[in-house]
Amino acid sequence: MAKIKNGFMGERAVVLPIPIIEDFKKTDLGTLLHITDIGYYPKATFHFRKRKKEEASQYILIYCIEGEGWFELENQIQRVIANQIFILPKEKAHSYGSNKNNPWTIYWCHFDGKKARFFSEGLDKPLLVSAEKESRIEDRLKLFEEIFSTLKNGYSRDNLDFSITAFFYFLGSLKYMSAYRATTISHQDFQKRDIVEEAIHFMRENVRKRITLNEIADYIGFSPSYFSSLFQRKTGYSPLNYHIHLKIQEACHSLDFSDMKINQISMLVGFEDPFYFSRIFTKTMGISPSAYRKKKKG
């Protein structure tokens, strides 16, 4: 089987210089937690890593948002599916890789520090982060993007301190998932059910993926035909067209507030073909992605 270490279309990564890491490890925050590498691999076909015990010098977090993969730890192989996250402990031999027929899309991070083990406990098995009414999946992914963007902007002390403070919160959202989700609950959650709003929430939680009408209808608990008719009457759009609009909205945000390339943004919002993404973007916005980025706003 072919195995590659990098070269995935739309990939992004930041590898911090060793001297920067060594200096930061001496600070109050850095001694508790520090990041060494961080990134995003979309549709990572043939992605594969294998490390001996002495090579596993950090904890490794992998968050699979689409597709499938696997990892081997202590002679046990674990299958990984969409919406699962796991952390490999340091100083233990391991290997991991993408499913060749359904390659995973992953956010990943290498980290260490005195509190790394504390946050990693229990995550040596895949944890399912399913889309529910209060799941806040997209909030968590945006937080990861903020950490990545901060480090990509340079290694000033403020950037390092802020990124690690945000990373504490990111890890805390996994270790204390019930508390993290409970912050969205209000008296409105106990009022009359609005299935269209529930469907839009599900779409937002899956804005970086390709989802089908059946998947949305299954989440709501109605037949696809009944749900689609109800959704169109209320919004004026079919569910899948509405999901495309949410994807384009997310793409606009990335065009406005990041320096990601268009093909990277395309993969980020679930379009494997950047040319198809550009056509859909132009049809939706009336202007191409590159022209949108140049347009003065505000």
Side-chain angles (χ1 to χ4, degrees), residues 8-12 39-44 63-67 82-83 103-107 131 133 135-149 152 194-217 219-220 224 227-298:
F8 313 110
M9 185 174 70
E11 70 173 88
R12 292 177 286 138
Y40 168 78
Y41 287 167
K43 296 293 180 184
Y63 191 169
C64 175
I65 64 167
E66 193 173 11
N83 298 320
W104 63 14
T105 292
I106 57 172
Y107 285 89
K133 188 174 182 182
S135 50
R136 301 183 66 193
I137 292 173
E138 184 61 14
D139 289 347
R140 186 183 288 109
L141 293 179
K142 285 184 176 178
L143 180 61
F144 193 101
E145 288 285 350
E146 191 162 354
I147 296 166
F148 178 90
S149 295
K152 189 173 184 296
D194 186 330
I195 67 169
V196 171
E197 289 301 320
E198 289 181 28
I200 292 172
H201 169 77
F202 181 77
M203 293 177 194
R204 288 191 183 279
E205 293 290 72
N206 291 280
V207 75
R208 299 163 196 266
K209 305 176 187 177
R210 295 170 298 166
I211 55 176
T212 66
L213 176 61
N214 284 344
E215 287 176 308
I216 305 171
Y219 174 80
I220 297 302
F227 162 69
S228 184
S229 176
L230 183 65
F231 190 94
Q232 184 132 3
R233 284 203 307 269
K234 182 167 182 178
T235 67
Y237 297 95
S238 71
L240 294 184
N241 279 339
Y242 198 96
H243 193 226
I244 286 175
H245 286 178
L246 293 178
K247 287 176 175 289
I248 298 304
Q249 182 184 75
E250 184 70 16
C252 287
H253 179 83
S254 296
L255 287 166
D256 286 336
F257 300 106
S258 81
D259 59 358
M260 278 188 280
K261 298 177 181 178
I262 290 174
N263 72 320
Q264 293 175 325
I265 295 172
S266 171
M267 298 297 289
L268 182 67
V269 295
F271 290 90
E272 294 181 45
D273 183 346
F275 297 105
Y276 178 66
F277 164 72
S278 293
R279 289 200 301 272
I280 294 297
F281 187 100
T282 303
K283 181 179 178 181
T284 303
M285 298 298 296
I287 188 173
S288 70
S290 56
Y292 175 87
R293 173 167 265 168
K294 294 176 183 177
K295 184 179 178 182
K296 293 182 179 179
K297 309 171 191 74

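Residue numbers start at 1 and run along the sequence shown.
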> What distance do Ser278 atom OG and Lys283 atom NZ have between them, rounded to the nearest 0.5 Å?
Replying inline: 14.5 Å
>> Just checking Tyr40 against Phe148, ring centres under 6.0 Å apart?
In response: no
>> Could you measure the distance from the NE2 atom of His253 to the CD atom of Gln249? Nearest 0.5 Å is fine.
In response: 10.0 Å
> Ile287 and Phe281: which non-hydrogen atoms are nearest, and at how many Å?
Replying inline: O-CD2, 3.2 Å
>> Quick check: closest heavy atoms across Ile220 and Ala199, and the distance to 0.1 Å?
In response: CD1-N, 3.5 Å
> Do the non-hydrogen side-chain atoms of Thr282 and Pro289 ever get within less than 4.5 Å of each other?
Replying inline: yes
> Hey, does the side chain of Thr105 reach the backbone of Ile65 with a donor-acceptor pair shorter than 3.5 angstrom?
Replying inline: no
> Would a 4.5 Å heavy-atom cut-off, applied to side chains only, mark Leu213 and Phe227 as touching?
Replying inline: yes
> Side-chain contact, heavy-atom cut-off 4.5 Å: Leu268 with Glu145?
Replying inline: yes
> Considering only heavy atoms from C-beta outward, does the side chain of Arg279 approach that of Phe271 to under 4.5 Å?
Replying inline: no
>> If I compare all heavy atoms of Val196 with all of Thr235, which pair ends up nearest, and what's the gap?
In response: CG1-CG2, 3.9 Å
> Do you know the tightest heavy-atom contact between Ile211 and Leu240?
Replying inline: O-CD2, 3.6 Å
> Hey, would you say the Phe231 and Tyr242 ring centroids sit under 6.0 Å apart?
Replying inline: yes
> Should we count NZ of Lys234 as having more than 12 external heavy atoms under 6.0 Å?
Replying inline: yes
> Does any non-hydrogen side-chain atom of Glu138 lie less than 4.5 Å from one of Glu250?
Replying inline: yes
>> Restricting to non-hydrogen atoms, name the atom on Gln264 and the atom on Glu11 that form the minimum distance, rounded to 0.1 Å.
In response: NE2-O, 3.0 Å
>> Looking at Glu205 and Arg136, would you say the former's side chain and the latter's main chain have a donor-acceptor pair under 3.5 Å?
In response: yes
> Atom OG in Ser254, atom CD1 in Ile262: separation rounded to 0.5 Å?
Replying inline: 11.5 Å
> How far does CG of Asn241 sit from CG of Leu246, to the nearest 0.5 angstrom?
Replying inline: 11.0 Å
> Under 4.5 Å between any side-chain heavy atoms of His243 and Lys247, yes or no?
Replying inline: yes
> Glu66 and salt bridge (charged side-chain N to carboxylate O under 4.0 Å, His left out): which partner among Arg210, Lys209, Arg208?
Replying inline: Arg210
> Between atom CZ of Phe277 and atom CG of Asn263, what is the distance when rounded to the nearest 0.5 Å?
Replying inline: 10.0 Å
>> Once you measure the plane-to-plane angle for His245 and Tyr237, does it fall in the parallel (<30°), tilted (30-60°) or perpendicular (>60°) bin?
In response: perpendicular
